[in-house]
There are 2 protein chains.
Amino acid sequence: MYISDRVRPSCTECPIRHRAVCARCDEDELAILDNIKSYKSFKAGEPILWRGDELTYLASIVSGVGSLGKTMEDGRIQMVGLLFPSDFIGHPGRAQIEFDVVAVTDVTLCCFKRKPFEDLVASTPHVAQRLLEMALDELDAARDWMVLLGRKTAREKIATFIEMLIRRQSLSDPSSEALKVVLPLTREEIASFLGLTLETVSRQLGAMKKEGILHFSDRRQFEVADFDALHIATGDDADGGPLF
Amino acid sequence: MYISDRVRPSCTECPIRHRAVCARCDEDELAILDNIKSYKSFKAGEPILWRGDELTYLASIVSGVGSLGKTMEDGRIQMVGLLFPSDFIGHPGRAQIEFDVVAVTDVTLCCFKRKPFEDLVASTPHVAQRLLEMALDELDAARDWMVLLGRKTAREKIATFIEMLIRRQSLSDPSSEALKVVLPLTREEIASFLGLTLETVSRQLGAMKKEGILHFSDRRQFEVADFDALHIATGDDADGGPLF
DNA sequence: ATACATATTTGATCTAAATCAATGCAGCTG
DNA sequence: CAGCTGCATTGATTTAGATCAAATATGTAT
């Protein structure tokens, strides 16, 4: 199975502190980060930030899964990203956030005070470069997701989503059995992520179960029994770029 | 009408050289950039880069309009961005490009040799920071576009697209009459950008003409006669974030 | 002008997925 | 254990937009 080494190669380094950012930091820089950090926890379902909120902190996810999304005036929701451990929240250099951040499962964040963090970015070129790399990875991932939203069928969306979950799960826990998948999201949340409705998600998962591609042990837990069929169903070519 | 000052505020500065990157460069840095730059031109319709191409240059658009997109195995195409003057092509720190770049109109690029450009980024913190800002702007724009692709109706997509064009046109040419729009794209290209088919694009434009929202002087040129109606049709709230 | 290629419009039909509407199934709580 | 409450499935129906199919401009080359 294809696992990208391009997506946040540093995310298993520096496991205790703030993995995403500090990959190349020396002890002095780590000390600064430690000084301005604090941990915060959120229960599943709780909003973390709302569109337009003033950002006094930037944060990186320590544990749990969050979502980044936008709600339209009439209530339609589109998720634009899932936040896994080591993912970053907030833009250095921006005082506001443009999207809603919600805790999907219980979430723990490592928060950095914005002002001193930005000072560190300004005075430490390799941190700026690391953040640039991360932003560019996310930009590519967002664009791949645009292809999914604009052109893929329901089946292809679901298959792609499952492949992405597998990739992210084995990245954050390389010891885990690769083909056992735990869905952190409800059908409705999956639907908001894929630009579908919850019924369509349910039907497609049901169909893939009936076809023997997935073996469910529970409504939120299954094993991929036929990875080739799953991959073919994504509509991507063999080495299709990594999504998230 | 709402014009964002967040989108590339520097794009009218430094008009002769390479506006996007050099906003804060001093004369020495500009000299380095001048040294490693060269101009290249492409005719409308020509491919500029293909997915997987080795990048020996990074570039910024001087004139014309380009597109960034991905083609699926079976030929389905999704554009993931339009490239206007001052937009940047290629990721510093990446040897390959993940998307197809095509000249939509005749295009002139200002190309920088990759290696020395990356050296400049590494040794010049404010350039890295500028690139980070640009990447984060594009990331927000890409995410807003995900909302469009995942949740908006055909009508909303078209209206949003026209608003975006107005914004970009008046950014690159503030003297232009804001509500006169020249479509640089064919119906088919608009469709690939919006996740629609060309017939649907044609029908929606036709309907907006009949409803008096747009006055066409030519198939590729029209005036927005009723901006409020257009904005309402986007489905965004009043101060809806800037798209591209 | 004539012919040809390329965009565009317009109409008729089809279909994937949305919507509407129950019903089923866990995990909790009292 | 009975009764909620919040997911999840399943079925019937509708519909926005895709697909299929001409017809009509527009532009360019001969």
Side-chain angles (χ1 to χ4, degrees), chain A residues 43-46 67 72 74-78 102-106 148-161 181-211 214 216-222 233 235, chain B residues 43-46 72 74-78 102 104-106 148-161 181-211 214 216-222 233 235:
Chain A
K43 287 252 163 285
E46 270 188 274
S67 73
M72 293 173 67
D74 61 1
R76 278 174 285 176
I77 292 177
Q78 178 65 48
V102 179
V104 170
T105 64
D106 291 356
L148 175 144
L149 291 171
R151 294 291 167 206
K152 289 194 176 181
T153 63
R155 170 63 66 103
E156 289 169 336
K157 287 177 176 182
I158 297 279
T160 308
F161 172 69
V181 177
V182 180
L183 290 174
L185 309 171
T186 65
R187 302 292 185 261
E188 189 171 17
E189 287 164 334
I190 297 171
S192 0
F193 195 36
L194 298 177
L196 298 169
T197 59
L198 64 119
E199 294 95 331
T200 302
V201 171
S202 179
R203 276 186 249 269
Q204 288 296 335
L205 286 174
M208 291 173 97
K209 176 184 173 179
K210 197 176 284 178
E211 292 167 31
L214 308 176
F216 281 80
S217 55
D218 172 352
R219 275 196 272 195
R220 295 289 198 93
Q221 217 160 323
F222 60 82
Chain B
K43 286 254 163 282
E46 268 188 276
M72 292 173 69
D74 61 0
R76 278 175 284 176
I77 292 177
Q78 178 64 50
V102 179
V104 170
T105 63
D106 291 355
L148 174 144
L149 290 172
R151 294 291 166 207
K152 289 195 174 179
T153 64
R155 169 64 65 104
E156 289 169 338
K157 287 177 175 182
I158 298 279
T160 309
F161 171 69
V181 177
V182 179
L183 291 174
L185 307 172
T186 64
R187 302 292 186 261
E188 188 171 19
E189 287 163 334
I190 296 172
S192 0
F193 195 37
L194 298 177
L196 297 170
T197 59
L198 65 120
E199 292 94 331
T200 302
V201 171
S202 178
R203 276 186 249 268
Q204 288 297 335
L205 287 174
M208 291 173 95
K209 175 184 175 180
K210 196 175 288 178
E211 290 166 33
L214 308 177
F216 281 80
S217 54
D218 172 353
R219 276 197 269 197
R220 296 288 198 92
Q221 216 159 325
F222 59 82

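Every chain is numbered from 1, with letters handed out A, B, ... down the list of sequences. Atom set for the values below is all heavy atoms of this structure, side chains included, hydrogens, waters and symmetry mates excluded.
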Look at all strands and tell whether [X] reaches a base, only sugar-phosphate, or nothing, counting heavy atoms closer than 4.0 Å.
X	result
B:T197	base
A:R220	sugar-phosphate
B:G45	nothing

Notebook entry, point to check: Do other residues, nucleotides or ligands put more than 12 heavy atoms under 6.0 Å from A:E199 CD?
Noted result: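 More than 12 heavy atoms, drawn from other residues, nucleotides or ligands, come within 6.0 Å of this atom.
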What is the distance, rounded to the nearest whole Å, between atom [atom1] of [X] and atom [atom2] of [N]?
X	N	atom1	atom2	answer
A:D218	D:dA8	CG	P	10 Å
B:L198	D:dA21	CG	C1'	13 Å
B:L194	D:dG17	CG	P	12 Å

Could you pick out which residue, B:L196 or A:E188, lies toward the 5' side of DNA chain D when each is mapped onto its nearest nucleotide?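 Comparing both residues, the 5'-ward one is A:E188.
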Residue closer to the 5' end of DNA chain D, A:L205 versus A:R151 (nearest nucleotide):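 Here A:L205 is the residue nearer the 5' end.
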- Query: Do the side-chain N or O atoms of A:T200 get closer than 4.0 angstrom to the phosphate oxygens (OP1, OP2) of C:dA18?
  - Reply: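 Yes, such a contact exists.
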- Distance below 4.0 Å between A:R219 side-chain N/O and C:dC25 OP1 or OP2: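 Negative; the distance criterion is not met.
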Review point. Would you say the base of C:dT19 and the side-chain of A:R203 have a donor-acceptor pair closer than 3.5 Å?
Key: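 Such a pair exists between side chain and base.
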**Request:** Test for a donor-acceptor pair under 3.5 Å between the base of C:dC20 and the side chain of A:E199, counting only N and O atoms.
**Result:**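 For A:E199, whose side chain was compared with the base of C:dC20, there is a donor-acceptor pair (under 3.5 Å).
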Review point. Picking from C:dA17, C:dT10, D:dT9, which would you name as closest to the side chain of B:S202?
Key: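 Comparing C:dA17, C:dT10, D:dT9 against the side chain of B:S202, the answer is C:dT10.
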Are B:R76 and B:D74 within salt-bridge range, i.e. N to O under 4.0 Å?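 Salt bridge between B:R76 and B:D74, a charged N being under 4.0 Å from a carboxylate O: yes.
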Handout entry: Contact nearer the 5' end of DNA chain C, comparing A:G195 with B:F216
Key =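 Comparing both residues, the 5'-ward one is B:F216.
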